[in-house]
Number of protein chains: 4
Amino acid sequence: MPKVTEEHRAARRAQIVAAARRCVIEQGFHKTTMAEVIRESGLSAGAVYGYFKSKEQIVEAIAEEALSTVDELFGKLLASEEPLSPLAALEAALNHVVSIAERPGGDVTRVAIQAWSEALRNPAIMTIAQGKYAQVRGRFEDVARRGQADGTVDPSVDPRHIAQALFGIVPGFLLQRLIMGDVAPGTYTAGLRALLRS
Amino acid sequence: MPKVTEEHRAARRAQIVAAARRCVIEQGFHKTTMAEVIRESGLSAGAVYGYFKSKEQIVEAIAEEALSTVDELFGKLLASEEPLSPLAALEAALNHVVSIAERPGGDVTRVAIQAWSEALRNPAIMTIAQGKYAQVRGRFEDVARRGQADGTVDPSVDPRHIAQALFGIVPGFLLQRLIMGDVAPGTYTAGLRALLRS
Amino acid sequence: MPKVTEEHRAARRAQIVAAARRCVIEQGFHKTTMAEVIRESGLSAGAVYGYFKSKEQIVEAIAEEALSTVDELFGKLLASEEPLSPLAALEAALNHVVSIAERPGGDVTRVAIQAWSEALRNPAIMTIAQGKYAQVRGRFEDVARRGQADGTVDPSVDPRHIAQALFGIVPGFLLQRLIMGDVAPGTYTAGLRALLRS
Amino acid sequence: MPKVTEEHRAARRAQIVAAARRCVIEQGFHKTTMAEVIRESGLSAGAVYGYFKSKEQIVEAIAEEALSTVDELFGKLLASEEPLSPLAALEAALNHVVSIAERPGGDVTRVAIQAWSEALRNPAIMTIAQGKYAQVRGRFEDVARRGQADGTVDPSVDPRHIAQALFGIVPGFLLQRLIMGDVAPGTYTAGLRALLRS
DNA sequence: AATGAATGAGACTTCATTCAT
DNA sequence: TATGAATGAAGTCTCATTCAT
């Protein structure tokens, strides 16, 4: 008995989150009203509040969803057993950004930016962001360590710092993509590589 | 019409902007209420509205202020006539981020993040961001070109792409500084350099 | 969507309009505050704004209501098939003014005066007034034409001008009733008739 | 010494009233702000408040000015010693309405309408209106009496009622002129006369 | 369980008036 | 006496949330 109900609940939640995501992508967390989410979801106010206790919970769900898109990245990357150079991992990450941005359902990277600023005043989102980003950086650290083992990366540098640098390239790409609209993974990494050729 | 007025007006505006900045750093653009800005500024509601037509104008003023901190960077850098390598310019930029973050009056980098997400739905802020970032990237492009002339940077790569990559490293640093709290300019650029050794 | 809703909505609107009318009769459109209308209506602010988008819409509803009292006049008059002389129609109109002024719910003629002055700067109310008054004058024109056919009215005069004159006697009655407080339909028409006896 | 000052004061008051009248004609008493009156008058806030204690006093001055235009009417009429029939007096009154409406400085009849509705809630304006209108009706009463003496007016009717009727024709003309925009003194009185032919 | 009308605290803004200069 | 920046009470309206049906 609970199985059906359980799926039903999950489907309803997804429906609400999808509606809210569409609103947030266009208007941001704060300009999105519950009335809009309710209308967009096709449910009633009471129903929505049956699945989420408050607007804040919906916001957190959306923020988590957006920040969780990084989870998928290394799932794909580490599936192949080939050796993965740091710059290859980075390029994969940038391609991943473009790929999720172009998914149907709306550009989730716009939500990610919102989550960054929201994290500054919402501890729940801050915690989610820290967890997700610690995890991705951990993956990049693995990649860096492998590169150091291979001899392709300077072994004298703390791999955690290499991971910070690698991970830190992604937000700037994402941001320029949304604000300037003129970046692409291939040329971006090319520009980066040009710097390193000394 | 007295002479006082011009300076006085500027001082009052600064007073209001400073009050609003303090509020926005703590609570974000949307959770900051005019009542708080008014109280924090020490003025009356009417006085504040005498200097800014609406809350939105104050928000824009603060966003512009935060986005304009990039202006100071190359002013300093280009003052010295020494050749400036791209990575040196980048390191200067990261140091600049830390320096403005630690200024009295509050960490303006927290406002910059807000400005990013606000730009997505506020055309005025979008325009400011685009203008400022186009300008900084132009400076980084000059640096890249100089490097190419020096032979320290791969001349076959479009300097605009190099500028994108250079500029794009800064937001990730700023973000990690605020969210993870564990990055520093020196180790960050070290991590980056480590990627290049082959 | 329940059946209740439609009637319920109408009843609520009427409740709000009645509350607002009471306020406007005492204080005028502009001195009436939404807080008073809300309190007087017994509803909450949100409820009131659920039925009317703005104070201006409430004002327009009240103005329309007041200007629409003329609608009832000829409904009654023309029901009877007796020939209706212009002066009889006028006397009926004046009696109608007194009758609506004394209705429970407040003297709507006070609202009508407000509507006149409001029409000068509110195009919506101007349009309503023009429509209503054009209609009443049309009725008076019919009466004038009948009189001309009967031979009781000078046939050489444009019936539209006769209608203007007939209709134009009413505002002055209404105004004197409210400002001077010393007019009555019977003596008023007697005074008028005395002029015409030459 | 006081003479110059006295004239100066009067000139200043006139300047303020003229400015306020322009505003009120366009926007009505309540939508006219003191800031607008101040700007339009070319004086400073402090100066304006040196001549009028409050906005309400300015409103009253303008209302009085508008209601006082009736004073001029019988000044002219009674200057000529010719016998003045009631309908001739009326036609003179309607012409007077048109004449003051077309004066430079703005259509004061628009202010008169405002004064009517304002009188309903402002005792000061009510008193002014009652005084002025009692006076005009007194003049019309004189005319009626003369007519009765001449035998041109039915002597069995109370001349006060004749005066009410005569005076009461003017507001409807003024109103139709402003709202419908299609009346003229000549055709209006023609329409009125047509009613009398039996 | 679902509905959606109702709630009411609180947001932003205006504007008549004052008073230090 | 004149100025006009400053005041702050009060106005209109929104919107997250609840609860009777």
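The chains referred to below are lettered A, B, ... by the order of the sequence lines, with proteins before strands, and numbering in each begins at 1. When reading the values below, keep in mind they use all heavy atoms of this one structure, side chains included, and skip hydrogens, waters and symmetry mates.
Of the candidates F:dC13, F:dT17, E:dA6, the closest approach to any side-chain atom of C:S54 belongs to F:dC13. The B:A47 side chain lies nearest to F:dT7 when the options are E:dA2, F:dT12, F:dT7. Set against E:dA16, E:dA2, F:dA16, the side chain of D:T33 has E:dA16 as its closest nucleotide.
In this structure, B:F52 reaches neither bases nor backbone, as no heavy-atom distance under 4.0 Å exists between it and the strands shown. Note on D:G46: a base of the nucleic acid sits closer than 4.0 angstrom, heavy atoms only.
Sequence order on DNA chain E of the closest nucleotides to B:A35 and C:L43 puts C:L43 first from the 5' end. Map A:Y49 and B:S44 each onto its nearest nucleotide of DNA chain F; the residue landing nearer the 5' end is B:S44. Toward the 5' end of DNA chain F, the nearer of the two residues B:G42 and C:A45, judged by each one's closest nucleotide, is B:G42.
Here the C1' atom of nucleotide F:dA10 and the NZ atom of C:K31 are 11 Å apart, to the nearest Å. What separates CD1 of D:I38 from C1' of F:dA2 is a distance of 13 Å, to the nearest Å.
Checking F:dT21 for Watson-Crick or G-U wobble geometry (two distances, each under 3.5 Å) identifies E:dA2 as its partner. Using Watson-Crick or G-U wobble geometry with both donor-acceptor distances under 3.5 Å, F:dC13 finds its partner in E:dG10.
Contact annotation: D:R39 does not reach the phosphate of F:dG4 (side-chain N/O to OP1 or OP2, under 4.0 Å). Phosphate proximity of E:dA6 to C:H8: present, with a side-chain N or O under 4.0 Å from OP1 or OP2. Applying the 4.0 Å criterion to OP1 and OP2 of F:dA6, one finds that B:Y51 has a side-chain N or O inside that range.
Exactly one residue among D:T32, D:V24, D:L43, D:V17 makes a side-chain contact (heavy atoms from CB on, under 4.5 Å) with D:V37. That residue is D:T32.
At least one side-chain heavy atom of B:V59 sits less than 4.5 Å from a side-chain heavy atom of B:I125.
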